[in-house]
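Worksheet for the structure shown next.
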Amino acid sequence: FAYDWSRELATCNPDYYRWEQWFFTQLYEKGLVYRATAVVNWDPVDQTVLANEQVIEGCGWRSGAPVERREIPQWFLRITAYADELLEELDRMDEWPEAVKTMQRNWIGRSQGLQIRFALSDGSGQLEVFTTRPDTLLGATYMAVAPEHPLAVAAAARDPAVAELLEACKRQSTSEAIMETMEKRGLSLGITVDHPLSGAPLPVWVANFVLISYGTGAVMSVPAHDQRDYEFAQRHALPIRQVVRPADGSVIDVEREAYTEHGILINSGEFDGLDFELAFDAIAQRLEAQGRATRRTQYRLRDWLVSRQRYWGCPIPVLYDENGTVVPESAERLPVVLPEEINWAGVNSPLRSMPAFLQATLPDGRPARRETDTFDTFFESSWYFTRFTCADSTTAMVDARADYWMPVDIYIGGIEHAVLHLLYARFFHKAMRDAGLVKSDEPFKRLLTQGMVCKETYFRAGVNGRKQYFNPEQVEVVLDAKGRAVSARAKADNLPVIIGPVEKMSKSKNNGVDPQTLIARYGADTVRLYTMFAAPPDQSLEWSDSAVEGQYRFLKSLWRQVTDHVANSAPADPGGMSEALKALRRHIHETIVKVSDDISRRYKFNTAIAAVMELLNHLSRMNIDTAAAHAVRQEGLDTVVLLLAPIVPHITAVLWQALGHSDDLSVAAWPTADALALTRDEVEMVVQVNGRKRAVVSVPASADKAACEAIALADENVQRFVTGKAMHKIIVVPGKLVNVVVGE
RNA sequence: GCCCGGGUGGCGGAACUGGUAGACGCAGCGGACUUAAAAUCCGCCGAUCGCAAGGUCGUGCCGGUUCGAUUCCGGCUCCGGGCACCA
C-alpha cells in the first residue's frame with residue numbers, strides 16, 4: 001500500500017472545481033437544483049451572514065450586535081428526491097457501523113402520517129397539519145403554528161402582543177439545538193378551527209418551537225399523548241383529553257405526564273377499542289372520504305442548501321439576465337474562476353463589489369449579472385475520492401477508470417461526519433450515477449469511523465463572550481497528587497487560563513497537538529506504535545503522550561534480542577522438541593492467528609500489538625542450550641518482525657535483513673499458522689460452583705462431558721463447596737468451563 | 001430538547017457469540033547490577049479479611065432475566081459527537 005502522489009488534487013484548483021460547476025448545471029437541467037428563500041443569521045451591524053458557530057449567545061461574534069433571522073434567496077440541491085434510496089440502501093450496507101446507519105436513518109426520518117385540513121371556524125380558510133398519530137385525533141385540544149405561519153402573521157396585525165412575540169422570534173437563532181432548548185413561548189391567536197370529527201372549536205396558538213420548515217409549519221396538539229404538547233398545555237392551562245389507554249391494562253395518569261405509547265382508543269366514539277393500526281386506518285379513511293385529509297410520507301431530511309455568501313469557495317456558475325431570470329453558465333465557458341486579485345473592504349465577500357466579476361454576458365451575448373454566492377465546501381468533499389481515480393482527466397469530470405476503482409474499498413473518517421458529509425457524499429454519488437458518470441450505487445463499501453482525538457481546552461473570556469483559546473503547548477498545567485489538572489497558566493504571560501472541557505481537536509478550539517515533537521524524540525516507528533496501541537481506532541481518545549516510553553522500550557528490546565540472536569551461532573547440541581519448546585512454538589503460531597484476525601477483521605491494532613509483546617516476552621526468557629531452541633527463537637523473531645511490519649515498517653525492515661533474509665520485508669509474505677503446531681494435548685477449564693470460580697483444572701483435550709465433570713468434582717476446593725449439598729445440575733461448556741449447581 | 005456513542009484499577013486499555021474481570025502497557029513500590037546515575041533485569045501492584053490455604057466485595061447508579069451478566073432487558077446519571085452556515 002502506498003500513496004500515489006501523481007493523483008494528488010486540491011479542491012480549490014479550477015481544474016477540479018470546474019467539474020462541479022459543470023455537474024451543477026447538469027443537475028439544474030434535470031430539475032435537481034432550485035432557488036428558494038431560506039433563513040440565515042444576519043448581523044445587522046456588519047451587514048453579513050453569520051454561521052451558527054459565529055453566533056455567541058444570540059449576538060454576532062465580531063460586532064456583538066443581536067443577530068436577526070433574515071430570509072434570502074439561495075440555491076438548493078434536491079437531496080430529498082433520493083431520500084427513499086438513501087434510506088433503503090442502508091439495509092444492504094453490511095460493512096458500515098450500525099451506529100452510523102442508525103444516525104442516517106433517523107436523520108432522513110421517514111414517517112407515514114396523515115395531512116389533515118382543519119376548517120377555520122369563521123369560514124375564511126383552512127389550517128393544514130401533518131401528524132403521525134391520527135389515532136389521537138380526538139385528543140387534540142388546540143392547534144399550534146410556527147411564528148412564520150401566515151395565520152400568525154395575520155394575527156400579529158390585529159394583536160400587538162402577538163406582534164411582539166413574532167418580533168422576539170425573529171431574533172432567535174436558526175440553530176435547531178438552540179430552538180429546541182430555549183424557553184417555550186406561545187400566545188393564542190384569538191381564532192379557532194373546527195375539529196373534523198367532533199366539530200368542537202379548537203383554539204389556534206402560535207408557538208416558538210413549531211418549525212416552519214418541517215411539515216406544514218403547524219401541528220395539532222394532543223397534550224395527553226405528546227410530552228411537548230403536554231408541557232405547553234400545562235403552562236397555558238389548556239385542556240388535556242386522554243384518548244388512548246395502555247393495551248396491557250396498566251394504569252396511567254395523563255394529568256401527570258403524557259402517555260406516548262401506542263395503545264387502545266377510548267373517548268373516541270365509534271373508534272373506541274381499536275388499536276393503533278386499525279384506528280389510523282379507520283380515521284384516515286373517514287377523513288379521506290370527506291376530502292379532509294391525505295395520507296403522506298414525510299421526511300425530516302431537508303434539501304441541501306449549497307449557497308454560501310462567502311468569498312473563498314467555488315463560484316456558483318449562474319448568471320441573471322436583466323429581468324433577473326436565471327441562466328446557467330454554459331459548459332464551454334467553464335470554469336467560472338474565483339478571482340484572487342481582490343480588494344478586501346469590510347467583512348463581506350469582495351465579489352459583491354467587484355464589477356469585473358459581477359458584470360458578465362450571457363452565452364448569447366446579452367448583458368448579465370453574475371451570482372456571487374459560492375458553494376458549501378461539503379460540495380467539494382462529496383466526490384474528491386471519485387476524482388482520485390482519474391485526476392488527470394481534462395475532458396470529463398470522471399472517465400471509465402472510475403468504474404475500475406469505485407466504490408472505495410474502505411473509507412476512514414471521524415464519527416462527526418456520520419450524517420452530513422457521509423450523506424451528502426452518498427447522494428452526490430447517486431446523482432453522478434444517474435448522470436451516467438459512474439456505475440456503482442454507493443461510494444464507500446466499508447466504513448471505519450475513527451474515534452475523535454480529544455484534548456483539554458484552555459481559554460480566557462474575551463470580548464462579546466468570544467473565547468480566546470490557548471494551545472496546550474502554550475500552557476503550563478498544574479496537577480494534583482492524583483494527576484488531575486487543577487489550574488493552568490499561559491507560558492507567555494504566566495497568567496491563569498480557564499481549563500475547559502475535553503473536546504475533539506479542532507482549529508476553532510486550538511487544542512490540536514503536533515506529534516512532531518514526539519517523532520523528533522523517539523522516531524516515527526515509536527510514535528506509530530504508540531498511536532496504534534493507545535486505543536482501538538473507532539474509539540475516542542484523550543491525547544496524552546505519557547505512555548509512549550513503553551513503546552520505545554519495547555522496540556529497543558526487540559532490537560536487542562534480534563542483534564543478540566544473530567551474534568550467537570546455534571549450539572552444537574542438536575537437542576529435540578521439548579515440551580517447553582512445543583509450547584513456545586504453539587505460542588508463536590497462536591500469535592499469528594490472533595494478530596492476523598485483529599488486523600484484517602477486527603481492526604483492533606492495540607490487541608494485536610499486545611499479543612506480539614507477550615510473544616516477545618516469552619521469547620526473551622528462552623534458554624538457548626540446543627540447536628532446536630535456537631531454531632525456534634529464529635522462527636519466533638522472524639514472526640514478530642513480520643507481524644509488526646505494517647505498524648513499524650522502518651525498524652522491522654532493518655531487522656529482517658539482520659535475521660538473514662535476502663528479500664525485502666515489504667514484499668515478504670504474511671506468515672501463516674502451522675495447524676500442527678497449534679494442537680494441544682491438554683486444556684484448562686474453569687470450575688464454578690453456583691457461578692463462582694472455585695478452581696482451574698487441566699483436562700485432556702479429548703475429554704468428554706463426563707470426564708470433565710469427574711475431574712472438576714475431584715478438585716479439593718470444589719469439594720469444599722459441594723459436600724453435603726444437593727446437586728441440581730452440572731453445566732459443561734466444552735474446553736472452557738464446568739459449573740456445578742448445588743442447593744443451599 | 002432530539003438522535004448516536006461511551007463510563008472497567010492511580011492512568012491508557014483487555015475480556016471477540018452470556019462463561020476465569022483487569023491481558024498488554026504507563027505510573028508507583030521493593031529488590032539486583034553500579035562508586036553513583038542512566039540503561040537493563042527480577043518481584044509486587046482493585047478493595048478488604050486471613051499466618052496461610054483461601055474467603056468476601058468490586059466493571060457509573062437502581063432494579064430485572066439467567067446456573068452464570070462488563071456483555072441482555074427496564075429506569076436513571078455523567079461525559080463525548082451530531083443537530084443542517086465549523087468542516
Side-chain angles (χ1 to χ4, degrees), chain A residues 38 40-41 49-55 97-100 102-107 109 174-182 184 209 213 227-228 300-305 307-310 376-378 381 414-421 423-424 449 451-452 454 481-484 501-504 506-509 530 533-536 538-542 544 546-551 553-554 556-557 560 597-598 601-602 604 606-607 609-614 617 620 684-696 716-717 720 728-731 733 736-742:
Chain A
V40 294
N41 300 308
V49 176
L50 298 179
N52 283 332
E53 202 192 41
Q54 296 169 321
V55 180
E98 277 309 319
V100 174
T102 306
M103 278 189 265
Q104 293 209 350
R105 283 189 190 103
N106 293 337
W107 185 259
T174 60
S175 147
E176 188 181 320
I178 288 172
M179 290 177 70
E180 289 278 337
T181 48
M182 71 196 169
K184 309 271 183 291
F209 56 85
S213 54
Q227 190 58 25
R228 196 157 63 173
R300 206 187 77 93
L301 179 68
R302 305 203 292 265
D303 277 333
W304 179 9
L305 199 173
S307 290
R308 296 292 182 271
Q309 295 71 44
R310 310 197 187 290
D376 175 6
T377 52
F378 276 129
S381 60
I415 185 72
E416 72 269 29
H417 293 301
V419 276
L420 292 178
H421 165 59
L423 200 60
Y424 291 143
T449 49
M452 282 148 302
C454 301
K482 287 187 171 171
R484 279 188 278 262
V502 175
E503 295 182 75
K504 74 165 170 169
S506 68
K507 288 192 287 284
S508 60
K509 303 283 161 55
Y530 169 64
F533 184 68
D538 58 348
Q539 188 172 316
S540 286
L541 170 73
E542 185 184 343
S544 150
S546 62
V548 71
E549 194 70 39
Q551 315 313 306
R553 280 203 280 262
F554 168 69
K556 280 197 291 187
S557 168
R560 206 165 39 240
D597 186 52
D598 279 353
R601 179 182 65 89
R602 298 180 66 214
K604 302 279 186 190
N606 56 332
T607 54
I609 293 164
V612 176
M613 285 176 167
E614 282 186 81
N617 286 341
S620 72
E684 290 204 327
M685 283 187 99
V686 168
V687 186
Q688 296 180 332
V689 178
N690 288 350
R692 288 161 168 263
K693 179 177 131 190
R694 297 303 178 191
V696 180
E716 194 185 333
N717 202 41
R720 283 179 53 203
H728 294 317
K729 60 175 166 177
I730 301 182
I731 291 150
V733 182
K736 271 192 175 161
L737 166 137
V738 178
N739 188 15
V740 184
V741 185
V742 298

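If you're wondering where the values come from, they're calculated on a predicted model, not measured in any experiment. Below, chains carry the letters A, B, ... as their sequence lines are ordered, and counting in each starts from 1.
A sub-4.0 Å separation between OP1 or OP2 of B:rA14 and a side-chain N or O of A:R602 is absent. One finds a side-chain N or O of A:R694 lying less than 4.0 angstrom from the OP1 or OP2 phosphate oxygen of B:rG55.
Rounded to whole Å, the C1' atom of B:rG13 lies 8 Å from the corresponding atom of B:rC24. To the nearest whole angstrom, the two C1' atoms, one in B:rU65 and one in B:rU71, are 14 Å apart. A distance of about 12 Å separates the P atoms of B:rA23 and B:rC44, rounded to the whole Å. Distance check on atom P: B:rC62 versus B:rU77 gives 15 Å, rounded to whole Å. Spacing between B:rA21 and B:rG46 at atom C1', rounded to whole Å, works out to 10 Å. Taking atom C1' on both B:rU59 and B:rG18, the two are 15 Å apart, rounded to the nearest angstrom. Using P as the reference atom, B:rG1 and B:rU48 are 40 Å apart when rounded to the nearest Å. Rounded to the nearest Å, the gap between the P atom of B:rA37 and that of B:rG28 is 16 Å.
Heavy-atom distances to RNA chain B give each of A:S557 and A:V100 a nearest nucleotide, and the one nearer the 5′ end belongs to A:V100. Nearest-nucleotide assignment on RNA chain B puts the 5′-proximal partner with A:P536, out of A:V740 and A:P536.
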Summarise how protein sits on nucleotides 75-87 of chain B as a single string, 5' to 3': B when a protein heavy atom is under 4.0 Å from the base, S for sugar-phosphate-only contact, - for no contact.
-----SBSBBBBB
What string of B, S and - do you get for nucleotides 18-29 of chain B, 5' to 3', when a contact is any protein heavy atom under 4.0 Å?
-BB--BBSSS--
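Among the heavy atoms of the strands, none lies under 4.0 Å from A:R228. Base contact: A:T181 has a heavy atom under 4.0 Å from a base atom. In this structure, A:K556 reaches the sugar-phosphate backbone alone: every heavy-atom distance under 4.0 Å involves primed, P, OP1 or OP2 atoms, never a base. Residue contacts for A:D598: at a heavy-atom cut-off of 4.0 Å it reaches no nucleic acid atom on any strand shown.
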Every protein N/O within reach of nucleotides 43-45 of chain B N/O, cut-off under 3.5 Å:
none

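The partner of B:rA27 is absent, by the rule that a Watson-Crick or G-U pair needs both atom distances under 3.5 Å. Using the Watson-Crick or G-U wobble rule with both distances under 3.5 Å, B:rU20 pairs with nothing in any strand shown. Across all strands shown, B:rA52 forms no Watson-Crick or G-U wobble pair with both key distances under 3.5 Å. Remark: B:rG58 base-pairs with no nucleotide in the shown strands. Criterion, Watson-Crick or G-U wobble with two distances under 3.5 Å. Of the nucleotides present, B:rC79 is the one that pairs with B:rG5 by Watson-Crick or G-U wobble criteria, both distances under 3.5 Å. When both pairing distances are held under 3.5 Å, B:rC72 makes a Watson-Crick or G-U pair with B:rG64.
Remark: A:F554 engages no residue in a ring-ring contact (aromatic ring centres under 6.0 Å, His included) (not counting sequence neighbours). A:W107 is linked by a ring-ring contact (aromatic ring centres under 6.0 Å, His included) to nothing, counting only residues two or more places apart in sequence or in another chain. Applying the side-chain contact (heavy atoms from CB on, under 4.5 Å) test to A:V55 and every residue at least two apart in sequence or in another chain returns A:N41, A:L50, A:V67. Remark: A:Q227 pairs with A:E231 by the side chain to side chain donor-acceptor pair (under 3.5 Å) rule, at least two apart or across chains. Applying the salt bridge (Lys or Arg N to Asp or Glu O under 4.0 Å) criterion to A:R692, with sequence neighbours excluded, gives no partner residue. In this structure, A:E416 has no side chain to side chain donor-acceptor pair (under 3.5 Å) partners at least two apart in sequence or on a different chain. Scored by the side-chain contact (heavy atoms from CB on, under 4.5 Å) test, A:M182 finds A:Q172, A:M179, A:N208 as partners (sequence neighbours excluded). With sequence neighbours excluded, the residues satisfying side chain to side chain donor-acceptor pair (under 3.5 Å) with A:R105 are A:D91. Scored by the side-chain contact (heavy atoms from CB on, under 4.5 Å) test, A:I178 finds A:S173, A:S175 as partners (sequence neighbours excluded).
Using the six-membered ring where Trp is involved, A:Y424 and A:F378 have ring planes that are tilted, between 30° and 60° apart.
Residues A:D538 and A:K604 approach most closely at OD1-NZ, 4.1 Å, considering heavy atoms.
Counted within 6.0 Å of NZ on A:K736, heavy atoms from surrounding residues, nucleotides or ligands total 12 or fewer; the atom is thus considered open.
Atoms CZ (A:R692) and P (B:rG54) sit 16 Å apart, rounded to a whole Å. Atom pair A:D538:CG and B:rC16:C1' shows a separation of 13 Å (rounding to whole Å applied). Counting to the nearest Å, the C1' atom of B:rA53 and the CZ atom of A:R720 are 8 Å from each other. Computed from coordinates, the A:Q104 CD to B:rG5 P distance equals 14 Å when rounded to whole Å. The separation between A:Q539 atom CD and B:rG5 atom C1' is 11 Å, rounded to whole Å. Atom CZ in A:F209 sits roughly 11 Å away from atom C1' in B:rG1 (whole-Å rounding).
Side-chain contact between A:V738 and A:I730 is present, with heavy atoms from C-beta onward closer than 4.5 Å. Taking 4.5 Å as the limit, every side-chain heavy atom of A:V687 sits out of range of all side-chain heavy atoms of A:R694.
Distances were taken from every side-chain heavy atom of A:A534 (C-beta onward) to each of B:rG12, B:rC41, B:rG55; the shortest belongs to B:rG12.
Taking syn as a glycosidic angle within 90° of 0, B:rG9 qualifies as syn.
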